[in-house]
There are 4 protein chains.
Amino acid sequence: MDRRVRRTRKLLGNALLELVQEKKFEQITIQDITDRADLNRATFYLHYGSKEELLADSLESYFDALVEQITPLTLEKPIWESPAAEGIVFAHVAEHAELYRVLLGKNGMGYVINRVIDYIAEFSLLQLKAGLNSIEPQAPIEIAARHVAGSLYALITWWLMNDMPYTPHEMAEMTTRLCVNGTVSTPAAQE
Amino acid sequence: MDRRVRRTRKLLGNALLELVQEKKFEQITIQDITDRADLNRATFYLHYGSKEELLADSLESYFDALVEQITPLTLEKPIWESPAAEGIVFAHVAEHAELYRVLLGKNGMGYVINRVIDYIAEFSLLQLKAGLNSIEPQAPIEIAARHVAGSLYALITWWLMNDMPYTPHEMAEMTTRLCVNGTVSTPAAQE
Amino acid sequence: MDRRVRRTRKLLGNALLELVQEKKFEQITIQDITDRADLNRATFYLHYGSKEELLADSLESYFDALVEQITPLTLEKPIWESPAAEGIVFAHVAEHAELYRVLLGKNGMGYVINRVIDYIAEFSLLQLKAGLNSIEPQAPIEIAARHVAGSLYALITWWLMNDMPYTPHEMAEMTTRLCVNGTVSTPAAQE
Amino acid sequence: MDRRVRRTRKLLGNALLELVQEKKFEQITIQDITDRADLNRATFYLHYGSKEELLADSLESYFDALVEQITPLTLEKPIWESPAAEGIVFAHVAEHAELYRVLLGKNGMGYVINRVIDYIAEFSLLQLKAGLNSIEPQAPIEIAARHVAGSLYALITWWLMNDMPYTPHEMAEMTTRLCVNGTVSTPAAQE
DNA sequence: TCCTAAGCGAGACGGTACGTCTTGTCTTCCA
DNA sequence: TGGAAGACAAGACGTACCGTCTCGCTTAGGA
């Protein structure tokens with residue numbers, strides 16, 4: 001039945017997300033997962049071909065939730081006028097801090113890290129395309145978008161690994177300022 | 001016999017660096033490594049406790065070489081006057097492109113990725129500290145340094161994964177411009 | 001209701017008897033049987049607890065048919081005056097050659113083999129008891145009966161495995177002669 | 001090392017021969033065997049591909065020992081003058097009664113049963129060939145040999161299953177008498 | 001004629017064994 | 001003494017069956 005299947009998959013997903021916070025992903029066994037989910041090991045294979053597949057499936061929901069929240073804000077106004085979208089991202093990360101600490105932090109998962117950066121870069125690209133009708137960027141916009149994505153990723157992980165010493169709003173503001181204005185008010189701009 | 005030992009370790013290291021370009025790190029076995037190095041499997045354990053250990057040992061040389069090249073340039077003059085250090089980094093990456101593609105790219109190794117970002121952030125911190133005697137940064141310098149590191153990392157991987165469509169020098173220039181001036185010539189700077 | 005049930009059981013039985021000629025009994029799965037019978041696997045368990053049980057059920061009919069044919073002949077006259085019963089046995093075996101080749105031959109089923117020998121021994125015992133009112137046997141009649149049964153079994157399997165090079169009647173005659181007179185015309189009998 | 005390997009194989013063989021007396025062969029697992037032998041399950045597969053293979057290997061020794069004892073006696077004099085060979089067989093069976101009870105008895109192993117009968121038939125064939133220079137057999141000698149083999153097999157199992165109520169010597173005598181003279185002193189021979 | 005219990009299909013699941021693959025340890029022997 | 005060779009324990013892997021269960025559909029037989 002569909003209900004049973006959905007239940008089983010959710011149990012598996014939750015078990016994995018729990019375990020991922022306890023030990024390194026590579027050394028989580030299928031047995032570990034099914035033990036935690038109170039299911040038989042063979043049952044796992046009725047639903048997923050590998051724990052990677054299960055992880056991907058389980059992460060979808062997190063990302064989907066986030067994307068839905070942000071989408072309306074994205075194209076509304078140029079990023080340099082409002083860091084609202086960034087604020088939501090930092091808030092979302094804070095909400096699932098333990099999980100992201102594992103996925104992105106020291107010994108994080110390369111696959112997830114790059115997936116996240118790609119994701120952000122795509123959004124930035126849209127933002128930049130929308131906002132840059134007249135203004136000249138400092139580099140081809142793909143590269144600029146990538147720059148923003150790398151920055152955001154690095155600040156998120158820094159923030160997570162340092163026990164989130166600022167509010168999501170503050171982080172969003174700093175991120176935006178750094179990306180829009182550059183690291184420093186340059187000597188040229190200072191005059 | 002010191003000579004034999006060093007020889008054995010180098011054989012192991014080279015074998016691993018070769019293999020890492022052929023298949024995903026996690027599914028390289030000790031047997032694979034020793035087969036490639038024409039050594040007995042048991043011999044591996046006389047020298048290393050895990051393939052991670054061997055990898056770390058083998059990567060040292062790459063990083064060390066790079067660090068030595070850059071160090072003198074780092075503190076010489078503020079980054080915004082010369083992207084020389086960045087240029088060297090991009091050239092180094094180009095030289096070992098296949099390797100970094102594996103270590104940092106899609107399905108890269110989380111450990112290495114974060115290690116690299118940390119590394120860059122430390123350097124940026126030094127650069128910023130040296131250059132910012134009078135100038136006000138847009139954010140606490142740890143954060144600014146982290147921002148630069150994330151950006152550099154993201155641009156390196158973008159460049160690698162897109163078959164290096166610009167010269168190292170061009171990449172360095174763009175990176176510097178984006179970091180120093182921000183993504184766009186800001187409205188403020190436009191006037 | 002009953003008609004459907006009987007139909008289902010017959011389908012299962014036929015499927016098994018077919019399969020038993022295609023692969024070794026132990027490696028026939030319940031799934032194999034129900035696939036062949038165009039039934040659901042769970043349905044098997046509504047009728048039988050194991051494939052052994054199904055086999056036993058299915059074999060009954062074969063044995064029953066045989067026993068009915070033979071019974072009247074058995075006690076009529078001493079075996080050494082007529083090998084009629086043996087003839088019927090060989091004919092029956094010939095009729096179901098493929099099946100018995102599997103059940104009794106190389107890699108046959110120990111259970112069936114011994115069941116068959118026991119069966120024959122029981123009949124021989126009755127025959128001998130009836131015929132030996134005055135004549136002295138060469139050994140206790142249980143043993144003599146067992147001897148006859150072993151011989152008949154061995155000759156049946158030899159005959160089957162060698163593509164039945166004699167007619168059932170010839171086999172029956174030889175069997176009877178060997179059992180009654182012994183392997184050779186003994187020196188004593190030669191005189 | 002060779003010594004270790006031989007030791008391991010013997011451990012496995014003994015474990016299996018023990019287990020075979022405790023439960024049906026088919027439901028002995030590899031784990032059962034290696035548990036009993038105090039070895040790791042994987043080790044089993046370094047030496048044998050299946051428990052059947054192990055059993056065959058383990059049984060060799062029994063048969064070999066027996067064959068060596070009998071061979072010199074076999075061709076010495078015609079069977080009808082001395083049941084010495086048969087006596088040795090029954091003694092051998094008695095010595096390993098528990099084992100043969102399992103291998104040959106009710107729920108015995110078809111493979112072993114037929115192997116044993118074939119084995120005996122081959123010997124009988126040699127005996128008959130040697131002894132029958134002048135005397136006329138009651139049937140083609142392959143068939144006569146098969147008859148003897150079936151008889152011997154049936155008597156061995158009868159004897160085993162009935163707690164060996166006669167001495168090996170007595171059994172050998174009866175077997176010989178039944179095979180040589182036939183079940184009864186026939187009416188014809190009686191005159 | 002309806003309706004209702006049985007037969008059955010479909011398939012999820014717990015459970016057990018399979019045969020394979022790595023890992024790490026050990027022992028023996030050679031250069 | 002460093003390394004080759006290889007046996008072994010340990011334990012996860014993915015697969016294959018088993019037996020049980022629940023859920024619907026259908027279909028025949030008694031009301």
Side-chain angles (χ1 to χ4, degrees), chain A residues 1-9 11 26-35 37-51, chain B residues 1-9 11-12 26-34 37-51, chain C residues 1-9 11-12 26-34 37-51, chain D residues 1-9 11 26-35 37-51:
Chain A
M1 292 304 105
D2 226 20
R3 210 171 43 250
R4 282 154 77 201
V5 169
R6 272 202 310 279
R7 196 187 96 96
T8 297
R9 296 197 181 181
L11 286 172
E26 317 111 50
Q27 57 205 36
I28 295 172
T29 68
I30 307 292
Q31 188 73 259
D32 287 339
I33 299 171
T34 51
D35 279 0
D38 260 319
L39 290 169
N40 189 275
R41 188 163 68 86
T43 301
F44 178 93
Y45 293 103
L46 294 177
H47 298 280
Y48 298 104
S50 66
K51 55 189 176 178
Chain B
M1 307 281 125
D2 228 17
R3 205 165 54 245
R4 282 158 76 198
V5 169
R6 272 203 309 282
R7 195 187 94 96
T8 298
R9 297 196 182 181
L11 285 173
L12 289 170
E26 317 111 51
Q27 57 204 36
I28 294 172
T29 68
I30 309 291
Q31 187 74 261
D32 286 339
I33 299 171
T34 51
D38 261 319
L39 290 169
N40 189 272
R41 189 164 65 85
T43 301
F44 178 93
Y45 295 102
L46 297 177
H47 299 280
Y48 299 103
S50 66
K51 56 187 178 179
Chain C
M1 300 303 119
D2 227 19
R3 202 163 57 245
R4 283 156 77 198
V5 170
R6 272 202 310 280
R7 195 186 96 96
T8 298
R9 296 196 182 181
L11 285 173
L12 289 170
E26 317 111 52
Q27 57 204 36
I28 294 172
T29 68
I30 308 292
Q31 186 73 259
D32 287 338
I33 299 171
T34 51
D38 261 319
L39 290 169
N40 189 273
R41 189 163 67 84
T43 301
F44 178 93
Y45 295 101
L46 297 177
H47 299 280
Y48 299 103
S50 66
K51 55 187 177 179
Chain D
M1 295 301 109
D2 226 19
R3 207 169 49 248
R4 282 155 75 201
V5 169
R6 271 202 310 279
R7 196 188 95 96
T8 297
R9 296 196 182 180
L11 287 172
E26 316 112 51
Q27 58 204 34
I28 294 172
T29 68
I30 308 293
Q31 187 74 260
D32 287 338
I33 298 171
T34 51
D35 279 359
D38 260 318
L39 289 169
N40 189 273
R41 188 163 68 87
T43 301
F44 177 92
Y45 294 102
L46 295 177
H47 298 281
Y48 298 103
S50 65
K51 55 188 176 178

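The figures that follow rest on heavy atoms only: side chains count, while hydrogens, waters and symmetry mates do not. Below, read A as the first sequence line, B as the second, and so on, with proteins coming before strands; counting in each chain starts at 1.
A straight line from CD1 of A/I30 to P of E/dC13 spans 16 Å, rounded to a whole angstrom. Regarding D/R4, its CZ atom lies at a distance of 11 Å from the C1' atom of E/dT25, rounded to whole Å. Here the C1' atom of nucleotide E/dC13 and the CD1 atom of A/I33 are 18 Å apart, to the nearest Å. Here F/dC17 presents its P atom at 18 Å from CD of D/Q27, a figure rounded to the nearest Å. In this structure, the CD atom of B/Q31 is 12 Å from the P atom of F/dA4, given to the nearest Å. Rounded to whole angstrom, the span from the CG atom of B/D32 across to the P atom of E/dT22 amounts to 7 Å. Rounded to an integer number of Å, the gap from CD1 of C/I28 to C1' of F/dC18 is 16 Å. One atom, CG of D/D38, and another, P of F/dA9, lie 9 Å apart when rounded to the nearest Å.
Judged by closest nucleotide on DNA chain E, C/R7 is the one of D/K51 and C/R7 placed further toward the 5' end. Each of A/T8 and D/T29 was assigned the nucleotide of DNA chain E with the nearest heavy atom; the assignment lying further toward the 5' end belongs to A/T8.
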Does the side chain to side chain contact (heavy atoms under 4.5 Å, CB included) test come out yes or no for C/T43 and C/T34, once each step is laid out? CA-CA 8 Å; C/T43 301; C/T34 51; 5.7 Å; no
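In this structure, CG in D/D35 is found 9.5 Å from CG in D/N40, a value given to the nearest 0.5 Å. A distance of 4.5 Å separates OG1 of C/T8 from NE2 of C/H47, quoted to the nearest 0.5 Å.
Counting heavy atoms from C-beta on, the side chains of D/T29 and D/D32 come closer than 4.5 Å. In this structure the side chain of A/R6 reaches within 4.5 angstrom of the side chain of A/R3, judged on heavy atoms. Between B/Q31 and B/F44, the closest side-chain pair of non-hydrogen atoms is not below 4.5 Å. For the pair B/L11 and B/D38, the minimum side-chain heavy-atom distance is 4.5 Å or more.
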Which dot-bracket string describes DNA chain F (Watson-Crick N1-N3 plus N6-O4 or O6-N4, or G-U N1-O2 and O6-N3, all under 3.5 Å; [ ] crossing; | other strand)? |||||||||||||||||||||||||||||||
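For residues 40-49 of chain D, proximity to DNA chain F is found at D/N40, D/R41, D/A42, D/T43, D/H47, defined as any non-hydrogen atom under 4.0 angstrom from a strand atom.
For the residue pair C/K51 and C/Q27, the shortest heavy atom distance occurs at NZ-N, 4.3 Å.
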